[in-house]
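Step one of this worksheet: look at the structure below.
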Amino acid sequence: MIYNVAQLIKSPVGTSLTADINEENVQLDEDLKVVGPLVGKGRMRRVNQGLLVDGWVDINLELTCTRCLKQFEQLMHLPFEERFYPTIDIVTGMPLPPTEEEDVFPIDDHHLIDLTEAIRQRVLLELPMVTLCQEDCAGLCSQCGHDLNLGPCDCKPEVDERFSVLNALLQKDV
Ligand SMILES: [Zn+2]
Ligand SMILES: [Zn+2]
């Protein structure tokens with residue numbers, strides 16, 4: 001997701017251009033599997049110190065259910081708005097002092113911006129700690145591992161195992 005913004009940086013403040021985002025084989029993070037292309041729309045606007053880039057992407061992730069460990073796909077719609085500041089002066093080619101502002105991405109010394117990192121951060125921020133294949137996922141039987149979404153298993157209702165183990169230990173010691 002790399003865009004050359006040399007022309008835009010030379011343009012007056014307020015100039016903007018839009019781009020369709022359509023990326024195949026996006027690799028965001030080693031723990032994140034993206035299914036299919038990432039599609040969206042971006043708009044880049046020349047502002048005083050650099051560029052303001054906003055838009056949205058739709059991304060389809062393959063996630064693992066926290067309860068039943070099944071893999072499932074989840075579509076995420078992610079609006080984003082980020083600032084990109086140049087690292088070199090477009091006219092002189094001289095390096096610019098690093099910005100003191102936070103949450104700013106660099107425009108590299110070839111006048112390229114890469115949306116990948118911005119989108120990666122958005123995805124990680126939006127991704128819930130607990131990912132469920134369905135809201136009422138029944139999970140796995142803690143005794144035999146049977147997927148309880150497919151129906152009950154033959155295990156006895158769970159007596160608290162911790163206590164029975166404790167009992168066994170106590171009896172052994174006596
Ligand atoms: Zn599940
Ligand atoms: Zn069971």
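Order of appearance sets the numbers: ligands from 1, and atoms from 1 within every ligand.
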d(Met76 CE, Arg122 CZ) to nearest 0.5 Å is 8.5 Å
Scan side-chain atoms only and decide if Asn4 and His111 contain a donor-acceptor pair under the 3.5 Å cut-off.
no
Only to 10 degrees, please: what angle do the SG atom of Cys137 and the SG atom of Cys133 make about the Zn ion (ligand 1)?
110°
So, Cys144 and the Zn ion (ligand 2): N/O/S under 2.8 Å, yes or no?
yes
Take Arg83 and Asp103 through the test salt bridge (charged side-chain N to carboxylate O under 4.0 Å, His left out) and record every step on the way to the result.
CA-CA 8 Å; Arg83 289 170 301 159; Asp103 303 324; 5.9 Å; no
Could you please compute the angle at the Zn ion (ligand 2) from SG of Cys153 to SG of Cys155, rounded to 10°?
110°
The Zn ion (ligand 1) as vertex, arms to SG of Cys68 and SG of Cys65: angle to 10°?
110°
Is it the case that the side chains of Asn149 and Asp147 hold a donor-acceptor pair, with the cut-off being a distance below 3.5 Å and no angle test?
yes
